[in-house]
Amino acid sequence: MAKRSDKLKRLVAVQRHMEQMAEMDLALTTQQRQEVAETMDAVAAALVSLNPVHRGFSDIYAAQIGKLRQKDVMLAGVQQMHEMRIVRERTKADRLADQMHEARNLEDREEADNAVYDLIDQHVAYGKDRSR
């Protein structure tokens, strides 16, 4: 028969894995935001460049910066969602871990109580055998 603490231990492992997945999603989103920021810097540098080649594309650069800003805002929202998800998954895992420890303590206490009862039963049985 599987103990409650063993079941909770498996749930904690699954929940920690969910937390790691959320952290990886956050890392990916953060990396994407960094790439967007670098692209925005490059486009802004081209926009203010004195190079005559870039002057002809100033309207395109301005539109591209607008799109990049929208993408950055969208990614910021996704990043915030991932951060909240990490907190939620971590909280669930911590609660399950606490429940697992409580269950393990109760199981240990029950085993100790049973061991004491067995000793008492053996002592009583030994006392009856000696009195005969």
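Within the model, atoms CD of E89 and NE2 of H17 stand 11.0 Å from one another, a figure rounded to the nearest 0.5 Å. One distance of note links CZ of F57 with OG of S49; it measures 12.0 Å at 0.5 Å rounding. From H101, atom NE2 reaches atom CG of L96 across 11.0 Å, with rounding to the nearest 0.5 Å. To the nearest 0.5 Å, atom CD of residue E107 and atom CD of residue E102 are 12.0 Å apart. Here I86 contributes atom CD1 and M81 contributes atom CE; the two are 10.5 Å apart, rounded to the nearest 0.5 Å.
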message: I'd like to know whether E19 forms a salt bridge (Lys or Arg N to Asp or Glu O under 4.0 Å) with R16, so could you lay out the CA-CA distance, the side-chain angles of the two residues, the decisive distance to 0.1 Å, and finally the verdict.
response: CA-CA 5 Å; E19 179 183 348; R16 293 293 181 200; 3.1 Å; yes

field: Stepwise side-chain contact (heavy atoms from CB on, under 4.5 Å) test for Q122 and L119
entry: CA-CA 5 Å; Q122 289 174 5; L119 284 174; 4.0 Å; yes

- prompt: Can you list the steps and then say if H123 with I120 is a side-chain contact (heavy atoms from CB on, under 4.5 Å)?
  reply: CA-CA 5 Å; H123 182 69; I120 292 171; 5.6 Å; no

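Between R104 and M100, some side-chain heavy-atom pair lies under the 4.5 Å cut-off. With contacts defined as side-chain heavy-atom distances shorter than 4.5 Å, the pair H82/V78 qualifies. For the pair R109 and L106, the minimum side-chain heavy-atom distance is below 4.5 Å. In this structure, the side chains of R88 and T91 stay at 4.5 Å or more apart for every pair of heavy atoms. Counting heavy atoms from C-beta outward, R85 and M21 have side chains that approach closer than 4.5 Å. No side-chain heavy atom of Q34 sits under 4.5 Å from any side-chain heavy atom of T30.
Transitive grouping of hydrophobic side chains (ILVMFWY, heavy atoms separated by less than 4.5 Å) brings V36 and M74 into a common cluster. The cluster map of Ile, Leu, Val, Met, Phe, Trp and Tyr, joined by side-chain heavy atoms under 4.5 Å apart, puts M40 and I60 in the same cluster.
Nearest heavy-atom pair across A62 and L47 is N-CD1, 4.4 Å. Across every non-hydrogen atom of L8 and A103, the tightest pair is CD1-CB, 4.1 Å. Minimum interatomic distance between V12 and A93 (heavy atoms only, all atoms of both residues): CG2-O, 4.2 Å.
Exactly one of K9, K3, R4, R10 qualifies for a side chain to side chain contact (heavy atoms under 4.5 Å, CB included) with K7. That residue is R10. Exactly one of L68, D72, I65 qualifies for a side chain to side chain contact (heavy atoms under 4.5 Å, CB included) with T39. That residue is L68.
Judged by distance alone, the side chain of Q32 and the main-chain N or O of L75 form no donor-acceptor pair under 3.5 Å.
Environment of CD in E38: crowded, with over 12 heavy atoms of neighbouring residues, nucleotides or ligands closer than 6.0 Å.
Defined by atom type and a distance below 3.5 Å, a donor-acceptor pair is missing between the side-chain atoms of T29 and Q79.
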